[in-house]
Amino acid sequence: SNTYKKIQPNSGVLIAVFVGSLILIFLSYIPYFLAYFPGILAYDSYIQIGQIFANEYNEHHPLFHTLMIKGALSLGENIFHSLNAGAAIYVLDQMFLLSAVFAYGIYCLFKRGFRIFSVVTLLLLMLFPFNGFLAVSVTKDVPFSAFFLLFVIALTELVFDENIKINLNSILLCLSVIMCVLFRNNGKYAFAFTILVTLIILLSKIVKKSNPDNKDKKKKEVKKYATILVMIMASLIVSTLALTIISKSLNAVQGDRREMLSVPIQQLARTYVYHAGAGVKSEDDNTMDEASKALINEFLLYDSAKLYRQDISDPVKRNTNTWVVVNKTSEFAKVYLGLFAKYPGDYFNAFFAQNAGFLDIGDKSHAYVNDPDEIKGHGYVQTKWEDSLYERGFYQDTKWAALREKLDTFADTNAYLQIPVIKYIFMPGIYLWIYVFAFVYAIKKKRAGMAAIISLIAGYYATMFFGPTVQLRYVFPVMITLPFIIPFVFKENETDNG
């Protein structure tokens, strides 16, 4: 099939598309960089910087990302004798990475014939304010998102090429898998669905009967998906080895696994405040047995179950004693499953309430999860610095104060919620259902390759559903990936080459 043939304009035009897109996108983030100079040191960056200063590392936050921050800070101190300069170097590197991946995606859209759509996508990437905020934020979510998107772009290119060979996209595919794992501790789990769906496609190609005229085509398709599967799995092995080497070289201690227990923590806390006689809820029926109460109080210390908030696990999670799960596994499992059997509604409510922002198109919990009305800098993006950063010698040095004031107001007041229709592209819930529709549509149109590509999104959503809360930075990878998938899924009168 000659489906999605590369439309080959002059190679100079393609280079101009890539370079021009990179420059325009990078320049569009400069105002944010100047307004928040040397960058937004929020989210978990202060914890990672604390590890760097103490030279004591743990695996709770991605070590590779912590080393990336350390390298930039060292450059700033050695060359400019300034930690602020180091933070600025990190941010500029991150802006370039994000811009380069976006530009490569636009290059591929343009090459495949989606000319008008590539221009629209370019404008969206430049003008969507969330991209600008995160481009200058020191958080693992940004480089992870860039490589997540790079994987999707590279896989799309390989799926719609008739033959797989060692080329730029093969290299980018392997690189992006490795980097996704290095930049997010649960990154490897996102690829589980992709491996499974690719394996199913491969097996279906093998067992599918074909007429003699199509034997060569079938052989190529089998080889293509087998090669993709091997590349992904080999890259996962390499990334796992890399993580081990980095951890050993830094003498890093294992991070607390409570993050992985976010959902059970919420389920037990909710069950406790509704059924343990805790005196928090008027609906509390005090029907929980004493043994279950005792174990929950050992697991959730200092009466922290009473701090239960349905939209975020952090208030309870901070006081979680994971020793109970590790050393009393059978007892914990017995209580956890026993309470599930007795109070299934509370378990389901805890799960769905915590993930409402991912599921409900109109849910606004993501905008208020960090109490923006009480703490300046905790709106739909975080811009607040922790005091420990100032104590270590960092300082906010805006180069465009008027713009910063406007951006702070926009973020802190969640002003986008007042914009009709457009507000939905800011809201996490819309993206899940677009992808679900796209996946079903791809299956209906027998576009197996696109189904394999979208399966990565499913794997990533699975990791988010078991996380601590709904935040836009967690959804960033699927937000920026959408424009690069949609044209291939919904282009009519075409058949998936894969």
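Residues: numbered from 1 along the sequence shown. Atom set for the values below is all heavy atoms of this structure, side chains included, hydrogens, waters and symmetry mates excluded.
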Requested in this report: Check the side chains of Thr66 and Gln51 for a donor-acceptor pair under 3.5 angstrom, ignoring hydrogens and angles.
Outcome: no
**Report entry** Which residues share a side chain to side chain donor-acceptor pair (under 3.5 Å) with Tyr461, sequence neighbours left out
**Finding:** none
Query raised in the report: Under the salt bridge (charged side-chain N to carboxylate O under 4.0 Å, His left out) rule, what pairs show up with a residue in residues 459-468, not counting sequence neighbours?
Result: none
Query raised in the report: Do Tyr441 and Arg447 have side-chain heavy atoms sitting under 4.5 Å apart?
Result: yes
Report task. Just jot down the salt bridge (Lys or Arg N to Asp or Glu O under 4.0 Å) partners of Lys399, sequence neighbours excluded, or say none. Result -> Asp397
Without placing hydrogens or testing angles, list every side-chain donor-acceptor pair under 3.5 Å for residues 96-103, not counting sequence neighbours.
| unit_1 | atom_1 | unit_2 | atom_2 | d |
| --- | --- | --- | --- | --- |
| Ser99 | OG | Phe26 | N | 3.4 |
| Ser99 | OG | Met95 | O | 2.7 |

**Report entry** Which residues share a salt bridge (Lys or Arg N to Asp or Glu O under 4.0 Å) with Asp141, sequence neighbours left out
**Finding:** Arg184, Arg473
Query raised in the report: Ring centroid separation for Tyr368 and His378, is it under 6.0 angstrom?
Result: no
Query raised in the report: Who are the ring-ring contact (aromatic ring centres under 6.0 Å, His included) partners of Phe351, not counting sequence neighbours?
Result: Phe466
Query raised in the report: Taking everything shown except Ile116 itself, do over 12 heavy atoms lie less than 6.0 Å from its CD1?
Result: no
**Report entry** Listed partners of Phe128 passing ring-ring contact (aromatic ring centres under 6.0 Å, His included), at least two apart
**Finding:** Phe426
Query raised in the report: Do Phe64 and Val181 have side chains that get closer than 4.5 Å, going by heavy atoms?
Result: no
**Report entry** Modelled atom types, side-chain donor and acceptor of Ser365 and Asp363, under 3.5 Å
**Finding:** yes
Report task. Sequence neighbours left out, what passes salt bridge (Lys or Arg N to Asp or Glu O under 4.0 Å) with Lys317? Give chain and number order. Result -> Glu259, Asp314
Atom pairs and distances, side-chain donor-acceptor, residues 27-35, under 3.5 Å, sequence neighbours left out:
| unit_1 | atom_1 | unit_2 | atom_2 | d |
| --- | --- | --- | --- | --- |
| Ser28 | OG | Ile25 | O | 2.6 |
| Tyr29 | OH | Leu125 | O | 2.8 |

Query raised in the report: Got a sec, which residues hit ring-ring contact (aromatic ring centres under 6.0 Å, His included) with Tyr107, two or more places apart in sequence or on another chain?
Result: Tyr104
N/O donor-acceptor pairs under 3.5 Å from side chains in residues 432-439, not counting sequence neighbours:
| unit_1 | atom_1 | unit_2 | atom_2 | d |
| --- | --- | --- | --- | --- |
| Trp433 | NE1 | Leu359 | O | 2.6 |
| Tyr435 | OH | Val478 | O | 2.6 |
| Tyr435 | OH | Leu482 | N | 3.0 |

**Report entry** For Tyr460, all residues meeting ring-ring contact (aromatic ring centres under 6.0 Å, His included), sequence neighbours excluded
**Finding:** Phe144, Phe148
